[in-house]
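Worksheet: the structure to be examined is printed underneath.
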Amino acid sequence: MKTVVTAAELTAAIDEERELPGCAGLKVAFVPTMGALHEGHLSLVRKAREYADLVVVSIFVNPLQFGAGEDFEKYPRTLEADAKVLEAAGADVLFAPTVEVVYPDGIEAAHAAAKLRPALQSGEVGKAFEGAARPGHFDGMLAVVARLFELVNPDFAVFGAKDAQQLFLIKRMANVEFPDLHIIEAPIVRETSGLAMSSRNRYLDATKLEVAGQLSKALKVGKAAAETLGAKPSMAVNAARARLEGVPEAKLDYLALVDPSSFELIDDSFTGRALMLIAAVVGTTRLIDNLTIDFQEPFA
């Protein structure tokens with residue numbers, strides 16, 4: 001695995017692979033991360049390998065997506081350890097740029113430039129759910145993802161399904177800004193408890209990990225209510241909420257059902273596949289998760 005830190009080095013590393021005999025049509029898959037890697041991230045690398053000849057992984061802690069009260073400086077940075085596990089997972093190129101490389105004209109200029117590109121604005125979807133808790137987060141996320149796409153110029157980009165709202169917005173943006181890029185959705189990787197893997201899980205001690213595992217259990221209760229008992233969407237949400245009410249240590253932020261094609265809330269007339277979203281704070285750690293649920297006639 002090659003580690004590069006500048007845009008020129010990145011381009012050279014990819015071009016070098018393309019110049020090898022028989023590699024003229026080489027396909028590139030890209031996995032953007034902020035580091036502090038876990039098995040969920042590594043599953044994205046393996047998924048990327050299914051689609052492409054060359055796998056590029058970036059590690060970049062993006063200041064544009066940190067809001068007030070979110071400590072950019074304290075975000076875990078474990079580059080040396082991350083590099084080792086990425087190489088073992090089969091990544092070909094690790095791109096670990098500085099802020100100056102990603103935003104050569106400065107952060108404020110990058111923020112202003114992003115505002116001039118409508119597809120990089122998260123809009124009303126970006127103000128709901130995670131966007132309500134983290135104002136401006138999704139606009140900053142879209143700005144950096146678009147910039148990284150420009151630097152890497154991949155054929156495929158792989159994202160995990162856990163960050164469902166982020167994935168929806170990236171797909172929408174890429175359809176406009178990068179129409180030839182294929183966005184690949186990788187399934188959520190979970191702990192044995194059912195807890196969705198996240199870099200934030202490292203902040204949880206054994207007791208809090210047990211509490212955090214209740215989020216996925218609440219989602220499963222909602223799914224069972226709908227798919228086994230025939231509950232309407234509102235009843236499925238109430239069933240999941242009731243399950244979590246027995247766990248006061250998990251401070252629920254939201255629990256909702258959305259149409260994955262629009263990310264809009266659904267009502268009891270909805271049929272088809274929906275996405276149940278959940279966010280809660282355990283201790284001081286904010287956790288999110290989701291699960292697909294099929295709603296079919298007849299309702300109970």
Side-chain angles (χ1 to χ4, degrees), residues 1-18 20 23 26-66 72 75-103 140-163 166-167 169-171 173-174 178 180-189 196-202:
M1 184 182 74
K2 296 180 181 178
T3 298
V4 298
V5 297
T6 70
E9 290 173 341
L10 173 66
T11 300
I14 295 173
D15 288 347
E16 182 179 327
E17 293 293 328
R18 287 198 170 108
L20 293 174
C23 292
L26 176 141
K27 297 296 184 182
V28 176
F30 177 45
V31 181
T33 82
M34 293 209 302
L37 303 182
H38 51 72
E39 178 56 31
H41 293 110
L42 302 183
S43 74
L44 304 184
V45 176
R46 291 190 287 270
K47 175 65 73 173
R49 177 63 66 194
E50 296 176 14
Y51 290 86
D53 311 290
L54 187 75
V55 177
V56 178
V57 179
S58 67
I59 293 179
F60 177 66
V61 183
N62 176 36
L64 280 185
Q65 66 192 70
F66 284 77
F72 168 74
Y75 190 87
R77 291 164 172 83
T78 55
L79 183 60
E80 184 175 345
D82 290 343
K84 290 180 180 178
V85 296
L86 283 174
E87 185 165 21
D92 298 299
V93 178
L94 168 57
F95 181 41
T98 63
V99 172
E100 290 73 22
V101 169
V102 176
Y103 304 124
M141 177 277 296
L142 289 173
V144 77
V145 169
R147 174 62 176 151
L148 290 170
F149 285 170
E150 290 165 353
L151 289 168
V152 179
N153 191 27
D155 301 285
F156 304 91
V158 185
F159 295 87
K162 178 178 73 72
D163 298 293
Q166 169 180 281
L167 181 58
L169 290 166
I170 289 171
K171 286 180 176 179
M173 178 271 289
F178 306 92
D180 295 326
L181 174 60
H182 301 278
I183 303 296
I184 307 300
E185 178 178 342
I188 298 173
V189 178
M197 287 191 177
S198 169
S199 298
R200 296 178 181 181
N201 293 356
R202 66 181 60 201

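Annotation: side chain of Leu42 is not in contact with side chain of Val189 (no heavy-atom distance under 4.5 Å). Residues Phe66 and Val61 form a side-chain contact, since some pair of their non-hydrogen atoms from C-beta on lies under 4.5 Å apart. Residues Glu9 and Phe95 fail the side-chain proximity criterion, which asks for heavy atoms closer than 4.5 Å. At least one side-chain heavy atom of Met141 sits less than 4.5 Å from a side-chain heavy atom of Ile170. In this structure, Ser58 and Phe30 have side chains that are in contact, with non-hydrogen atoms separated by less than 4.5 Å. Put simply, the side chain of Val5 does not reach to within 4.5 Å of the side chain of Val101, judged on heavy atoms. Two residues are said to be in side-chain contact when any heavy atoms from C-beta on lie closer than 4.5 Å; Met34 and Ser199 fail this criterion. Using a 4.5 Å heavy-atom threshold, the side chains of Leu169 and Val145 count as separate.
For Val28 against Ala52, the heavy-atom pair with the smallest separation is C-CB, 3.8 Å. Across every non-hydrogen atom of Met173 and Phe149, the tightest pair is CE-CE1, 4.2 Å. Across all non-hydrogen atoms, the minimal contact from Leu94 to Ala83 is CD2-CB, 3.9 Å. When all heavy atoms of Pro97 and Val102 are compared, the pair lying nearest together is CG-CG2, 3.6 Å. In plain terms, the two heavy atoms of Glu185 and Ala161 that are nearest each other are OE2-CB, 3.4 Å. In plain terms, the two heavy atoms of Gly140 and Asn62 that are nearest each other are O-ND2, 3.1 Å.
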Exercise. Going through the distances and angles, do Asp82 and Thr33 end up as a side chain to side chain contact (heavy atoms under 4.5 Å, CB included)?
Worked result: CA-CA 11 Å; Asp82 290 343; Thr33 82; over 6 Å; no

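Counted by atom type alone, Asp15 and Thr11 present zero donor-acceptor pairs between their side chains at under 3.5 Å.
Note on residues 36-63: pairs passing salt bridge (Lys or Arg N to Asp or Glu O under 4.0 Å), not counting sequence neighbours, are Glu39-Arg46, Lys47-Glu50, Arg49-Asp92.
The side chain to side chain donor-acceptor pair (under 3.5 Å) test applied to Glu87 returns no partner, not counting sequence neighbours.
Ring geometry for Phe156 against Tyr51 counts as tilted: the plane angle lies between 30° and 60°, on a 0 to 90° scale.
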